[in-house]
Amino acid sequence: MTCGYKGNLACVRDVRVSQRYCSFHTPKESAGRLIDEEILNQLKELVDSGDGNWEGFIFPRGLDFQDLLGGANVCTIPINAERAFFDGLTISNITFENQVNLQNSVFEGKTNFLGAKFLDSLSIYQSRFQAEATFSSLRIAKAFNANTCVFKSHFFLSGGIKGEANFTQSTFEDRANFWGQRNIFLTPGPAIMRFGTSASLTSGDQTHKVIKRLSDIKQTVFTVWKNQMMGIKKARDKLNKITFNYLRRKMPLQDNSVEILNLFEGKAVFDGVSFEKPSKVAFKSVDMRQIRLSRTELKNVKFIGCNWYQAKLKRNGLYEELSLQDMNYTDFHRELPNLESAYRSIRLSFEEDKDFLRASDFYVGEMNAKRRQLGVFGRKFFSINAIYRIISNYGTSPIRLVFWLVFITFSHSVLSFEKVNGISFVTTYKLLILGGFCKIMEFFGLQMSSFIYSLQVLTLQRNFVSKTVLFSNLDVVLAILGPIFLSLLVIALRGKIKRY
């Protein structure tokens, strides 16, 4: 009689005597269940026979996967442990050559994946972790599917995931850490041993003593000179080596002894993730450039040493902003509010950590998303947000504000040239073309007088009363725009250097 377990794949194993299920599907509370050691021995037999269909298994308490491999570090069979029950699981320094499926499972005790390597994909889809879940120094060559999971206790993930990592609609009820890491390898260099040989020349012929003596003196002088030159060369090489090593340490091009893992080497999806205690969530040294964070509240989440820089945006930003460009009109406008919300929550996190430079970049992204929700003319020119972007990039670019201040001041000085100097700018320019060096200096002197007048108007230091309505209106416009631009410049500079 076969086992009564019914799942995606029916169990064809024989039931035990007077039991409805096989040894692996017998409920824990059943009096007829085997002890953990006997079940472990039967699991070893399954591994040896290449049977990895473990759907719905109720595993022994405190299972160490290495015990199933007989101390080996490589698992060659695909593992399907869907809908299984684990009361404690440890996988340490084991390489899985095929797919591992643990989805819809329950992990009652502590779960430890330590230094495990998956040459295919790993799936824990819709699984529930009642205790701590540690995935340390994890290596996954393909996809990592962890969407709609529930982590009741501390969650830790580090290592390198080359495929897509999916955490869509997962819930983290306690602390959660996502860390990149640096692995340092110490490789001893070959020892170089040098052996020297010496020879002595003797002669019993007395007639050659004088010649030998002179030869020895010559050899001694040559040796001393050679040693001195070698000493100078060694000192020079040592100095160059010290200098080179110092510069190499300060400005390394490539260090083969250090492996940097940014955790997410491919795309990652955190769409609709719930962090119930965001102040206990941290991303450290993680590459965030290909991570989707829509509909996830990230206020008070810590981001330490993460890389957000988007080359196409020329600033720190979210991957969603780039992906919007490939969407149709309807999806584009539907996703803009989500993008604005994501930018806002991350900006607030950076401001909470006093990281105002990155916060400024995310403020730009937030305002861009808000502006792009307007109509065609509104998002380009005819709105406060559009004008604010043009003149100061939403108050974050002092350089752009300085440019506009110089531009409006210079333009006003050109238009006010005749009023200040009593001669038109065009006439003076013609004299400049026809004149020599003296005319050039005279022209620049007149232009400087006009520019100083414009600066005085801009800073409200001159009463702009003119008989000409045009000049009077120009002065009024500059007197209004000047303080506004100067105030925005102060705010932009303050945003770059402010400290609390």
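- Atom CZ of Phe410 has 12 or fewer neighbouring heavy atoms from other residues, nucleotides or ligands inside a 6.0 Å radius.
- Checked for salt-bridge contact, Arg295 and Glu335 meet the test: a charged N lies under 4.0 Å from a carboxylate O.
- Tyr319 and Arg292 get closest at one heavy-atom pair: CD2-CG, 3.8 Å.
- Ser158 and Ser136 make their closest contact through OG-CA, 3.5 Å (heavy atoms, listed as atom of the first residue, atom of the second, distance).
- Closest approach of Glu351 to Ala359, counting heavy atoms only: CG-CB, 3.7 Å.
- Just one of Phe59, Trp54, Phe65 meets the ring-ring contact (aromatic ring centres under 6.0 Å, His included) condition when paired with Phe86; it is Phe59.
- Closest non-hydrogen pair, Cys306 versus Lys284, comes out as SG-N, 4.2 Å.
- Not counting sequence neighbours, the partners of Glu366 by the side chain to side chain contact (heavy atoms under 4.5 Å, CB included) test are Glu340, Tyr343, Arg344, Arg347, Tyr363.
- Each of Ile491, Asp361, Val364 was compared with Thr396 under the side-chain contact (heavy atoms from CB on, under 4.5 Å) criterion, and only Val364 meets it.
- With rounding to the nearest 0.5 Å, the separation of CZ in Phe144 from OG in Ser123 is 8.5 Å.
- Asn262 places no side-chain N or O within 3.5 Å of a backbone atom of Phe264 that could act as its donor or acceptor partner.
- Of the residues Leu298, Asn300, Asp174, the one that meets the side-chain contact (heavy atoms from CB on, under 4.5 Å) test with Phe275 is Leu298.
- Taking 4.5 Å as the limit, every side-chain heavy atom of Leu478 sits out of range of all side-chain heavy atoms of Val476.
- Sorted by first then second residue, the side-chain hydrogen bond (donor to acceptor under 3.5 Å, both in side chains) pairs that include residues 163-173, not counting sequence neighbours, are Lys152-Glu173, Asn166-Thr168.
- Between Phe24 and Cys3, the closest side-chain pair of non-hydrogen atoms is not below 4.5 Å.
- Checking side-chain atoms of Ser341 against main-chain N and O of Pro337 turns up no donor-acceptor pair under 3.5 Å.
- Closest of all the heavy-atom pairs between Arg83 and Ser105 is N-OG, 3.5 Å.
- In this structure, the ring of Phe270 has its center no less than 6.0 angstrom from the ring center of Phe172.
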*Please walk me through it: do Glu320 and Ser294 pass side-chain hydrogen bond (donor to acceptor under 3.5 Å, both in side chains)?*
CA-CA 8 Å; Glu320 287 95 318; Ser294 296; 3.2 Å; yes
Q.
The test is side-chain contact (heavy atoms from CB on, under 4.5 Å); show your working for Ile58 and Thr26 and say whether it passes.
A. CA-CA 7 Å; Ile58 302 174; Thr26 303; over 6 Å; no
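- Taking the side chain as every heavy atom from C-beta outward, Phe283 and Val301 approach each other to under 4.5 Å.
- By the 4.5 Å heavy-atom criterion applied to side chains, Gln310 and Arg289 are counted as neighbours.
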Go through it in stages, so that I can follow the logic: the residues are Leu138 and Leu157, the test is side-chain contact (heavy atoms from CB on, under 4.5 Å), and I'd like the CA-CA distance, side-chain angles, deciding distance and then a yes or no. CA-CA 8 Å; Leu138 201 66; Leu157 174 63; 4.0 Å; yes
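- Proximity of a side-chain donor or acceptor of Gln373 to a complementary backbone N or O of Ala369 within less than 3.5 Å is detected.
- Considering CG of Leu336 and CZ of Arg372, their distance stands at 6.0 Å, rounded to 0.5 Å.
- The CD1 atom of Ile140 sits 8.5 Å away from atom OG of Ser121, with the distance rounded to the nearest 0.5 Å.
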- Audit row: Asn145, Leu122, side-chain contact (heavy atoms from CB on, under 4.5 Å) steps and yes/no: CA-CA 6 Å; Asn145 190 0; Leu122 169 64; over 6 Å; no
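- Summarising the geometry, atom CZ belonging to Arg358 is positioned 13.0 Å from atom OG belonging to Ser349; distances are rounded to the nearest 0.5 Å.
- Within a 6.0 Å radius of CZ in Arg175, no more than 12 heavy atoms belonging to other residues, nucleotides or ligands are found.
- The distance from atom CG of Leu318 to atom CD of Gln290, rounded to the nearest 0.5 Å, is 13.5 Å.
- In the model, Asn73 has no side-chain atom that pairs as donor or acceptor with a side-chain atom of Asn93 under 3.5 Å.
- Between the side chain of Asp36 and the backbone N or O of Glu38, no donor-acceptor pair lies under 3.5 Å.
- For CZ of Phe382, the number of neighbouring non-hydrogen atoms (other residues, nucleotides, ligands) closer than 6.0 Å is 12 at most.
- Put simply, the side chain of Leu486 does not reach to within 4.5 Å of the side chain of Ile484, judged on heavy atoms.
- Looking at heavy atoms from C-beta onward, Asn98 lies out of side-chain contact with Ile77 at the 4.5 angstrom threshold.
- For Arg371, the side chain to side chain contact (heavy atoms under 4.5 Å, CB included) test picks out Asn368, Arg379, Asn385, Ala386, Arg389, Tyr394, with sequence neighbours left out.
- For the residue pair Ser127 and Asn104, the shortest heavy atom distance occurs at OG-N, 3.4 Å.
- A distance-only check finds a donor-acceptor pair linking the side chain of Glu297 to the backbone of Lys299 [under 3.5 Å].
- In this structure the side chain of His412 never reaches within 4.5 angstrom of the side chain of Ile408, judged on heavy atoms.
- A salt bridge links Lys28 to Asp87: at least one charged side-chain nitrogen sits closer than 4.0 Å to a carboxylate oxygen.
- Between Trp404 and Phe485, some side-chain heavy-atom pair lies under the 4.5 Å cut-off.
- How far CG of Leu263 is from CD1 of Ile161: 5.0 Å, rounded to the nearest 0.5 Å.
- Of the candidates Phe178, Trp179, Phe113, Phe129, Phe155 forms a ring-ring contact (aromatic ring centres under 6.0 Å, His included) with just one, namely Phe178.
- Between the side chain of Asp51 and the main chain of Asn53, a donor-acceptor pair closer than 3.5 Å is present.
- Aromatic ring centres of Phe350 and Phe362 lie closer together than 6.0 Å.
- No donor-acceptor pair closer than 3.5 Å links the side chain of Ser153 to the backbone N or O of Ala131.
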Start with the C-alpha gap between Tyr5 and Phe57, add the side-chain angles, then the distance that decides, and say whether side-chain contact (heavy atoms from CB on, under 4.5 Å) holds. CA-CA 10 Å; Tyr5 173 79; Phe57 277 22; over 6 Å; no
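- The 12-atom threshold is not exceeded at CD1 of Ile399, counting heavy atoms of other residues, nucleotides or ligands nearer than 6.0 Å.
- With a 6.0 Å radius and a threshold of 12 heavy atoms from other residues, nucleotides or ligands, Lys302 has its NZ atom above the threshold.
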